[in-house]
K.L.:
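Handing you a structure now.
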2 protein chains.
Amino acid sequence: MDNSPEGLLRSHGLSVTAQRLTVLQTITDYPHITADQAAEVARKKIGAISRQSVYDTLNTLVEKGLARRIQPMDSPALFEDRVGDNHHHLVCRSCGIVEDVDCSTGYRPCLQASDDNNFIIDEAEVTYWGLCPKCQPKSTKSQAKQTPTRKAKS
Amino acid sequence: MDNSPEGLLRSHGLSVTAQRLTVLQTITDYPHITADQAAEVARKKIGAISRQSVYDTLNTLVEKGLARRIQPMDSPALFEDRVGDNHHHLVCRSCGIVEDVDCSTGYRPCLQASDDNNFIIDEAEVTYWGLCPKCQPKSTKSQAKQTPTRKAKS
DNA sequence: ATCATTATTTGGACATAGTCCAAAATTGTG
DNA sequence: CACAATTTTGGACTATGTCCAAATAATGAT
Ligand SMILES: [Mn+2]
Ligand SMILES: [Mn+2]
Ligand SMILES: [Zn+2]
Ligand SMILES: [Zn+2]
(Lines give C-alpha, C1' and ligand atoms only; values in the text may rest on other atoms or scores of the structure.)
(Ligands and ions follow the chains in the order given, each with its own letter.)
Protein backbone atom coordinates (compact mmCIF):
# COMPACT_ATOMS: atom_id res chain seq x y z
CA MET A 1 0.00 0.00 0.00
CA ASP A 2 2.80 2.47 0.78
CA ASN A 3 5.66 2.91 -1.60
CA SER A 4 8.42 1.32 0.43
CA PRO A 5 10.22 -1.63 -1.10
CA GLU A 6 8.20 -3.85 1.26
CA GLY A 7 4.94 -2.33 0.06
CA LEU A 8 6.04 -2.68 -3.53
CA LEU A 9 6.57 -6.41 -3.11
CA ARG A 10 3.36 -6.91 -1.16
CA SER A 11 1.31 -4.97 -3.69
CA HIS A 12 2.43 -7.48 -6.28
CA GLY A 13 1.46 -10.48 -4.19
CA LEU A 14 5.00 -11.30 -3.18
CA SER A 15 6.02 -12.03 0.36
CA VAL A 16 8.75 -9.90 1.79
CA THR A 17 12.10 -11.59 2.29
CA ALA A 18 15.58 -10.33 2.99
CA GLN A 19 16.73 -11.82 -0.30
CA ARG A 20 14.12 -10.01 -2.37
CA LEU A 21 14.65 -6.71 -0.64
CA THR A 22 18.36 -6.97 -1.17
CA VAL A 23 18.19 -7.92 -4.83
CA LEU A 24 15.65 -5.17 -5.47
CA GLN A 25 17.94 -2.64 -3.83
CA THR A 26 20.87 -3.99 -5.77
CA ILE A 27 19.37 -3.46 -9.21
CA THR A 28 18.35 0.03 -8.12
CA ASP A 29 21.90 0.78 -7.01
CA TYR A 30 23.53 -0.86 -10.02
CA PRO A 31 21.40 -0.68 -13.16
CA HIS A 32 22.39 -3.09 -15.95
CA ILE A 33 23.92 -5.59 -13.56
CA THR A 34 24.28 -9.31 -14.25
CA ALA A 35 22.73 -11.95 -12.03
CA ASP A 36 26.12 -13.06 -10.77
CA GLN A 37 27.25 -9.52 -10.06
CA ALA A 38 23.98 -8.92 -8.24
CA ALA A 39 24.65 -12.03 -6.16
CA GLU A 40 28.06 -10.67 -5.21
CA VAL A 41 26.64 -7.34 -4.17
CA ALA A 42 23.77 -8.94 -2.30
CA ARG A 43 26.17 -11.16 -0.38
CA LYS A 44 28.10 -8.17 0.83
CA LYS A 45 24.88 -6.70 2.15
CA ILE A 46 23.34 -9.71 3.88
CA GLY A 47 26.16 -12.20 4.23
CA ALA A 48 24.73 -15.01 2.16
CA ILE A 49 22.25 -15.65 -0.60
CA SER A 50 22.06 -18.56 -2.99
CA ARG A 51 22.63 -18.16 -6.65
CA GLN A 52 19.25 -19.71 -7.32
CA SER A 53 17.52 -17.21 -5.09
CA VAL A 54 19.04 -14.34 -7.02
CA TYR A 55 17.88 -15.83 -10.30
CA ASP A 56 14.44 -16.57 -8.86
CA THR A 57 14.06 -13.08 -7.50
CA LEU A 58 15.20 -11.42 -10.71
CA ASN A 59 12.86 -13.58 -12.78
CA THR A 60 9.98 -12.84 -10.44
CA LEU A 61 10.66 -9.12 -10.52
CA VAL A 62 10.69 -9.20 -14.31
CA GLU A 63 7.42 -11.17 -14.39
CA LYS A 64 5.78 -8.68 -12.07
CA GLY A 65 7.00 -5.76 -14.10
CA LEU A 66 9.27 -4.47 -11.36
CA ALA A 67 12.44 -5.12 -13.31
CA ARG A 68 13.51 -5.35 -16.89
CA ARG A 69 15.91 -7.80 -18.49
CA ILE A 70 18.06 -6.93 -21.47
CA GLN A 71 20.47 -9.19 -23.21
CA PRO A 72 23.05 -7.49 -25.42
CA MET A 73 24.95 -9.83 -27.69
CA ASP A 74 27.93 -11.52 -26.01
CA SER A 75 26.68 -10.53 -22.57
CA PRO A 76 24.78 -12.39 -19.90
CA ALA A 77 21.37 -10.93 -19.13
CA LEU A 78 21.40 -7.50 -17.47
CA PHE A 79 18.77 -6.26 -15.05
CA GLU A 80 17.50 -2.83 -14.17
CA ASP A 81 14.62 -1.32 -12.24
CA ARG A 82 13.78 1.31 -14.84
CA VAL A 83 10.62 -0.13 -16.33
CA GLY A 84 7.59 0.93 -18.29
CA ASP A 85 9.24 3.51 -20.51
CA ASN A 86 10.65 1.18 -23.17
CA HIS A 87 13.90 3.05 -23.14
CA HIS A 88 16.80 1.88 -25.26
CA HIS A 89 20.47 1.17 -24.76
CA LEU A 90 23.87 2.25 -25.92
CA VAL A 91 26.52 -0.45 -25.67
CA CYS A 92 30.25 0.18 -26.01
CA ARG A 93 31.91 -2.39 -28.25
CA SER A 94 35.18 -1.94 -26.45
CA CYS A 95 34.46 -1.92 -22.72
CA GLY A 96 30.88 -3.16 -22.78
CA ILE A 97 29.46 -0.32 -20.71
CA VAL A 98 25.71 0.11 -21.13
CA GLU A 99 23.95 3.48 -21.03
CA ASP A 100 20.28 4.32 -21.15
CA VAL A 101 18.77 6.27 -24.03
CA ASP A 102 15.31 7.72 -23.86
CA CYS A 103 12.87 6.38 -26.36
CA SER A 104 12.85 8.94 -29.12
CA THR A 105 9.15 8.74 -29.79
CA GLY A 106 8.00 8.38 -26.25
CA TYR A 107 5.82 5.35 -26.20
CA ARG A 108 6.10 1.69 -26.92
CA PRO A 109 6.23 0.47 -29.57
CA CYS A 110 8.20 3.51 -30.56
CA LEU A 111 8.97 2.57 -34.11
CA GLN A 112 7.00 1.51 -37.13
CA ALA A 113 8.54 -1.36 -38.99
CA SER A 114 8.90 -0.55 -42.66
CA ASP A 115 6.77 -3.64 -43.29
CA ASP A 116 5.27 -5.43 -40.34
CA ASN A 117 4.84 -8.75 -42.19
CA ASN A 118 1.40 -8.86 -40.61
CA PHE A 119 2.88 -9.27 -37.17
CA ILE A 120 1.12 -7.57 -34.25
CA ILE A 121 4.08 -5.67 -32.87
CA ASP A 122 4.09 -4.78 -29.19
CA GLU A 123 7.66 -3.70 -28.66
CA ALA A 124 10.58 -2.25 -30.55
CA GLU A 125 13.85 -3.02 -28.87
CA VAL A 126 16.74 -0.85 -29.94
CA THR A 127 20.40 -1.31 -29.17
CA TYR A 128 22.91 1.26 -30.34
CA TRP A 129 26.45 -0.05 -30.75
CA GLY A 130 29.55 2.08 -30.73
CA LEU A 131 32.37 3.42 -28.63
CA CYS A 132 31.91 5.17 -25.33
CA PRO A 133 33.82 8.40 -24.68
CA LYS A 134 36.54 6.60 -22.71
CA CYS A 135 37.13 4.05 -25.44
CA GLN A 136 37.31 6.49 -28.34
CA PRO A 137 40.65 7.06 -30.08
CA LYS A 138 42.06 10.28 -28.61
CA SER A 139 43.06 11.93 -31.93
CA THR A 140 46.59 13.30 -31.39
CA LYS A 141 47.35 12.21 -27.85
CA SER A 142 48.96 8.85 -27.11
CA GLN A 143 46.20 6.40 -27.54
CA ALA A 144 45.54 3.65 -25.04
CA LYS A 145 45.65 0.35 -26.92
CA GLN A 146 42.16 -1.02 -26.54
CA THR A 147 41.38 -4.64 -27.17
CA PRO A 148 37.79 -4.52 -28.33
CA THR A 149 35.73 -7.26 -26.76
CA ARG A 150 33.01 -6.96 -29.38
CA LYS A 151 33.98 -6.38 -32.94
CA ALA A 152 32.09 -4.03 -35.20
CA LYS A 153 29.98 -5.77 -37.75
CA SER A 154 30.45 -5.50 -41.49
CA MET B 1 37.77 -13.69 -58.45
CA ASP B 2 34.54 -15.10 -59.87
CA ASN B 3 31.38 -15.05 -57.83
CA SER B 4 31.06 -18.74 -57.10
CA PRO B 5 31.05 -19.79 -53.46
CA GLU B 6 34.62 -21.00 -53.96
CA GLY B 7 35.66 -17.63 -55.35
CA LEU B 8 33.90 -15.89 -52.51
CA LEU B 9 35.91 -17.79 -49.93
CA ARG B 10 39.19 -17.40 -51.82
CA SER B 11 38.67 -13.69 -52.28
CA HIS B 12 38.52 -13.39 -48.52
CA GLY B 13 41.71 -15.32 -47.97
CA LEU B 14 39.99 -18.49 -46.90
CA SER B 15 40.87 -21.88 -48.23
CA VAL B 16 38.06 -23.82 -49.80
CA THR B 17 36.85 -26.82 -47.86
CA ALA B 18 33.80 -29.01 -48.11
CA GLN B 19 32.78 -27.89 -44.62
CA ARG B 20 32.90 -24.20 -45.45
CA LEU B 21 31.08 -24.59 -48.73
CA THR B 22 28.36 -26.58 -47.04
CA VAL B 23 27.86 -24.21 -44.12
CA LEU B 24 27.83 -21.26 -46.49
CA GLN B 25 25.17 -22.94 -48.62
CA THR B 26 23.22 -23.84 -45.50
CA ILE B 27 22.86 -20.29 -44.21
CA THR B 28 21.82 -19.23 -47.70
CA ASP B 29 19.16 -21.95 -47.80
CA TYR B 30 17.98 -21.37 -44.24
CA PRO B 31 18.38 -17.77 -43.09
CA HIS B 32 18.24 -17.24 -39.29
CA ILE B 33 19.43 -20.75 -38.52
CA THR B 34 21.22 -21.77 -35.32
CA ALA B 35 24.67 -23.31 -35.31
CA ASP B 36 23.31 -26.68 -34.24
CA GLN B 37 20.58 -26.63 -36.85
CA ALA B 38 23.16 -25.70 -39.44
CA ALA B 39 25.26 -28.67 -38.33
CA GLU B 40 22.28 -30.98 -38.82
CA VAL B 41 21.62 -29.67 -42.30
CA ALA B 42 25.28 -29.79 -43.22
CA ARG B 43 25.54 -33.41 -42.08
CA LYS B 44 22.72 -34.41 -44.38
CA LYS B 45 24.61 -32.85 -47.24
CA ILE B 46 28.11 -34.17 -46.66
CA GLY B 47 27.68 -37.01 -44.21
CA ALA B 48 29.74 -35.65 -41.36
CA ILE B 49 31.01 -32.39 -39.95
CA SER B 50 32.15 -31.60 -36.45
CA ARG B 51 30.26 -29.20 -34.27
CA GLN B 52 33.44 -27.21 -33.80
CA SER B 53 33.92 -26.86 -37.53
CA VAL B 54 30.44 -25.44 -37.90
CA TYR B 55 31.11 -22.90 -35.17
CA ASP B 56 34.53 -22.06 -36.60
CA THR B 57 33.12 -21.59 -40.07
CA LEU B 58 30.23 -19.43 -38.90
CA ASN B 59 32.55 -17.28 -36.81
CA THR B 60 34.95 -16.90 -39.70
CA LEU B 61 32.17 -15.98 -42.10
CA VAL B 62 30.94 -13.33 -39.67
CA GLU B 63 34.47 -11.97 -39.24
CA LYS B 64 34.92 -11.73 -42.98
CA GLY B 65 31.58 -10.02 -43.42
CA LEU B 66 30.06 -12.92 -45.34
CA ALA B 67 27.52 -13.71 -42.65
CA ARG B 68 25.69 -11.91 -39.93
CA ARG B 69 24.95 -13.10 -36.42
CA ILE B 70 21.88 -12.00 -34.49
CA GLN B 71 20.95 -13.04 -30.99
CA PRO B 72 17.32 -12.50 -30.00
CA MET B 73 16.65 -12.88 -26.30
CA ASP B 74 16.07 -16.49 -25.22
CA SER B 75 17.48 -17.80 -28.46
CA PRO B 76 20.87 -19.15 -29.42
CA ALA B 77 22.68 -17.10 -32.04
CA LEU B 78 21.13 -17.10 -35.50
CA PHE B 79 23.08 -16.75 -38.74
CA GLU B 80 22.19 -15.42 -42.14
CA ASP B 81 23.96 -14.48 -45.33
CA ARG B 82 22.12 -11.21 -45.85
CA VAL B 83 24.79 -8.72 -44.91
CA GLY B 84 25.68 -5.09 -45.39
CA ASP B 85 22.19 -3.65 -45.34
CA ASN B 86 21.72 -3.41 -41.57
CA HIS B 87 18.24 -4.80 -41.87
CA HIS B 88 16.17 -5.49 -38.79
CA HIS B 89 14.11 -8.35 -37.40
CA LEU B 90 10.62 -9.23 -36.35
CA VAL B 91 10.44 -12.00 -33.76
CA CYS B 92 7.27 -13.83 -32.80
CA ARG B 93 6.90 -14.16 -29.03
CA SER B 94 4.86 -17.31 -29.47
CA CYS B 95 6.59 -19.49 -32.05
CA GLY B 96 9.91 -17.67 -32.27
CA ILE B 97 9.87 -17.25 -36.04
CA VAL B 98 12.18 -14.50 -37.27
CA GLU B 99 11.42 -12.33 -40.30
CA ASP B 100 13.51 -9.67 -41.98
CA VAL B 101 12.46 -6.04 -42.04
CA ASP B 102 14.14 -3.52 -44.28
CA CYS B 103 15.90 -0.71 -42.50
CA SER B 104 13.44 2.13 -42.55
CA THR B 105 15.98 4.87 -43.16
CA GLY B 106 18.16 2.98 -45.57
CA TYR B 107 21.62 3.19 -44.20
CA ARG B 108 23.45 2.18 -41.08
CA PRO B 109 23.29 3.55 -38.50
CA CYS B 110 19.70 4.15 -39.38
CA LEU B 111 18.60 5.83 -36.21
CA GLN B 112 19.65 8.79 -34.19
CA ALA B 113 19.70 8.13 -30.49
CA SER B 114 17.78 10.81 -28.65
CA ASP B 115 21.01 11.47 -26.75
CA ASP B 116 24.13 9.66 -27.83
CA ASN B 117 25.87 10.09 -24.46
CA ASN B 118 28.94 11.03 -26.50
CA PHE B 119 29.23 7.56 -27.90
CA ILE B 120 30.38 7.16 -31.50
CA ILE B 121 27.52 5.03 -32.76
CA ASP B 122 28.13 2.72 -35.71
CA GLU B 123 25.05 0.55 -35.63
CA ALA B 124 21.46 0.62 -34.52
CA GLU B 125 20.12 -2.86 -33.98
CA VAL B 126 16.36 -3.08 -33.92
CA THR B 127 14.24 -6.05 -32.90
CA TYR B 128 10.49 -5.86 -33.16
CA TRP B 129 8.59 -8.21 -30.86
CA GLY B 130 5.05 -9.39 -31.40
CA LEU B 131 2.89 -12.16 -32.79
CA CYS B 132 3.22 -13.57 -36.26
CA PRO B 133 0.07 -14.08 -38.33
CA LYS B 134 -0.16 -17.77 -37.44
CA CYS B 135 0.11 -17.10 -33.72
CA GLN B 136 -2.46 -14.31 -33.55
CA PRO B 137 -5.80 -14.94 -31.82
CA LYS B 138 -8.29 -15.75 -34.57
CA SER B 139 -11.10 -13.43 -33.42
CA THR B 140 -14.29 -15.53 -33.68
CA LYS B 141 -12.99 -18.88 -34.85
CA SER B 142 -11.86 -21.55 -32.42
CA GLN B 143 -8.49 -20.41 -31.31
CA ALA B 144 -5.55 -22.75 -31.10
CA LYS B 145 -4.27 -22.64 -27.56
CA GLN B 146 -0.81 -21.16 -27.85
CA THR B 147 1.74 -21.49 -25.11
CA PRO B 148 3.88 -18.42 -25.61
CA THR B 149 7.54 -19.24 -25.27
CA ARG B 150 8.46 -15.61 -24.72
CA LYS B 151 6.26 -13.46 -22.60
CA ALA B 152 5.50 -9.86 -23.44
CA LYS B 153 7.28 -7.39 -21.27
CA SER B 154 5.57 -4.96 -18.92
C1' DA C 1 2.26 -15.64 20.51
C1' DT C 2 1.67 -20.33 18.21
C1' DC C 3 0.34 -23.23 14.70
C1' DA C 4 -0.66 -24.65 10.12
C1' DT C 5 -0.31 -23.56 5.48
C1' DT C 6 2.03 -21.72 1.83
C1' DA C 7 5.80 -19.61 -0.36
C1' DT C 8 10.66 -19.13 -0.55
C1' DT C 9 15.40 -20.54 -0.25
C1' DT C 10 19.08 -23.71 -0.73
C1' DG C 11 22.54 -26.70 -2.82
C1' DG C 12 23.35 -29.96 -6.05
C1' DA C 13 22.47 -31.95 -10.34
C1' DC C 14 21.49 -30.97 -14.90
C1' DA C 15 20.99 -28.43 -19.60
C1' DT C 16 22.46 -25.57 -23.31
C1' DA C 17 25.45 -22.80 -26.02
C1' DG C 18 29.76 -22.09 -26.95
C1' DT C 19 35.11 -22.14 -26.59
C1' DC C 20 39.90 -24.27 -25.85
C1' DC C 21 43.19 -27.44 -27.13
C1' DA C 22 46.38 -30.69 -29.31
C1' DA C 23 46.47 -34.34 -32.66
C1' DA C 24 45.13 -35.70 -37.28
C1' DA C 25 43.72 -34.54 -41.82
C1' DT C 26 43.37 -31.50 -45.63
C1' DT C 27 44.57 -27.58 -48.54
C1' DG C 28 47.36 -24.55 -51.19
C1' DT C 29 52.10 -23.90 -53.12
C1' DG C 30 56.39 -24.81 -55.47
C1' DC D 1 54.79 -35.04 -55.16
C1' DA D 2 56.29 -32.86 -50.89
C1' DC D 3 56.24 -29.26 -47.55
C1' DA D 4 54.22 -25.74 -44.80
C1' DA D 5 50.20 -23.70 -43.38
C1' DT D 6 45.49 -24.08 -42.47
C1' DT D 7 41.54 -26.56 -41.13
C1' DT D 8 39.05 -30.21 -38.90
C1' DT D 9 38.14 -33.24 -35.19
C1' DG D 10 36.66 -34.91 -30.70
C1' DG D 11 37.02 -34.35 -26.09
C1' DA D 12 37.42 -31.50 -22.19
C1' DC D 13 36.10 -27.37 -20.34
C1' DT D 14 33.47 -22.75 -19.34
C1' DA D 15 29.55 -19.76 -18.70
C1' DT D 16 24.90 -18.93 -17.98
C1' DG D 17 20.92 -20.54 -16.49
C1' DT D 18 17.14 -24.07 -14.96
C1' DC D 19 15.20 -28.26 -12.38
C1' DC D 20 14.33 -30.50 -8.27
C1' DA D 21 13.36 -32.01 -3.56
C1' DA D 22 14.46 -31.01 1.16
C1' DA D 23 14.91 -27.39 4.55
C1' DT D 24 13.55 -22.90 6.02
C1' DA D 25 10.95 -18.75 6.51
C1' DA D 26 6.77 -15.84 5.93
C1' DT D 27 1.90 -15.23 6.23
C1' DG D 28 -2.79 -15.79 7.98
C1' DA D 29 -5.79 -17.70 11.49
C1' DT D 30 -6.50 -19.00 15.89
MN1 LIG E 1 18.40 0.66 -19.11
MN1 LIG F 1 17.78 -11.24 -41.24
ZN1 LIG G 1 33.86 1.80 -23.67
ZN1 LIG H 1 4.40 -17.11 -34.27
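None of these values were measured; they are calculated from a predicted model. Here is how names work: the chains are called A, B, and so on, in the same order as the sequence lines, proteins then strands, and each is numbered from 1. Only heavy atoms go into these numbers, but all of them, side chains included; no hydrogens, no water, no symmetry mates.
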K.L.:
Rounded to the nearest angstrom, tell me the gap between atom CG in A/Leu58 and atom P in C/dT9.
P.N.:
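Those two atoms, CG and P, are 11 Å apart.
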K.L.:
According to the interplanar angle, ranging from 0 to 90°, do the rings of A/His32 and A/His87 count as parallel (below 30°), tilted (30 to 60°) or perpendicular (above 60°)?
P.N.:
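Ring orientation, 0 to 90° scale: tilted.
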K.L.:
What nucleic acid atoms does B/Ala18 come within less than 4.0 Å of, heavy atoms only: base, sugar-phosphate, or nothing?
P.N.:
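Since no nucleic acid heavy atom lies under 4.0 Å of B/Ala18, the category is nothing.
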K.L.:
Can you check the A/Tyr55 OH to C/dT10 C1' distance for me, whole Å?
P.N.:
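From A/Tyr55 OH to C/dT10 C1': 15 Å.
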K.L.:
Both A/Ser53 and B/Asp56 contact DNA chain C. Taking the nearest nucleotide for each, which residue is further toward the 5' end?
P.N.:
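Closer to the 5' end of DNA chain C: A/Ser53.
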K.L.:
Just compare D/dT8, D/dC20, C/dA17 and give me whichever is closest to any side-chain atom of A/Gln52.
P.N.:
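Taking heavy atoms from C-beta onward, the closest nucleotide is D/dC20.
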K.L.:
Among D/dG17, C/dT9, D/dG11, which nucleotide sits nearest the side chain of A/Arg51?
P.N.:
D/dG17
K.L.:
Please determine if a side-chain N or O atom of A/Asn59 lies less than 4.0 Å away from the OP1 or OP2 oxygen of D/dG17.
P.N.:
no
K.L.:
The side chain of B/Asp36 is closest to which nucleotide in this list: D/dG17, C/dT10, C/dA17?
P.N.:
C/dA17
K.L.:
For A/His12 and C/dA7, what is the distance between atoms NE2 and C1' respectively, to the nearest whole Å?
P.N.:
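Atom NE2 in A/His12 sits about 18 Å away from atom C1' in C/dA7.
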K.L.:
Taking B/Ser11 for its side chain and B/Leu8 for its backbone only, find out whether a donor-acceptor pair lies under 3.5 Å.
P.N.:
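Here the side-chain-to-backbone pair exists.
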K.L.:
Check whether any side-chain heavy atom of B/Arg20 lies under 4.5 Å from a side-chain heavy atom of B/Leu61, and answer yes or no.
P.N.:
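Side-chain contact under 4.5 Å: no.
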K.L.:
Whole-Å distance between D/dT18 C1' and A/Glu63 CD?
P.N.:
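Those two atoms, CD and C1', are 13 Å apart.
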K.L.:
Under 4.0 Å between a side-chain N/O of B/Arg10 and OP1 or OP2 of C/dG28, yes or no?
P.N.:
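Checking B/Arg10 against C/dG28: at least one side-chain N or O falls below 4.0 Å of OP1 or OP2.
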K.L.:
Of B/Gln71 and B/Thr17, whose nearest nucleotide on DNA chain C comes first from the 5' end?
P.N.:
B/Gln71
K.L.:
Nearest to the side chain of B/Gln19, heavy atoms from C-beta on, is which of C/dA7, D/dG11, D/dT8?
P.N.:
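Per side-chain heavy atoms of B/Gln19, the pick is D/dT8.
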K.L.:
Choosing from D/dT6, D/dT16, C/dT8, which nucleotide comes nearest the side chain of B/Ser15?
P.N.:
D/dT6
K.L.:
Select one nucleotide: of C/dG18, C/dT9, D/dT16, the one nearest the side-chain heavy atoms of A/Arg20.
P.N.:
C/dT9
K.L.:
Between atom OH of A/Tyr30 and atom CD of A/Gln37, what is the distance when rounded to the nearest 0.5 Å?
P.N.:
10.5 Å
K.L.:
Any side-chain to backbone donor/acceptor pair from A/Gln19 onto A/Ser50? Under 3.5 Å, distance only.
P.N.:
no
K.L.:
Whole Å only: how far is the CG atom of B/Asp74 from the P atom of D/dG17?
P.N.:
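Atom-to-atom, B/Asp74 to D/dG17, this comes out as 10 Å.
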K.L.:
If I take atom CD1 in residue B/Ile49 and atom C1' in nucleotide D/dG10, what distance separates them, rounded to the nearest angstrom?
P.N.:
14 Å
K.L.:
What is the distance, to the nearest angstrom, from the CG atom on A/Leu14 to the P atom on C/dT6?
P.N.:
18 Å
K.L.:
CZ of A/Phe79 versus P of D/dG17: gap in Å, rounded?
P.N.:
6 Å
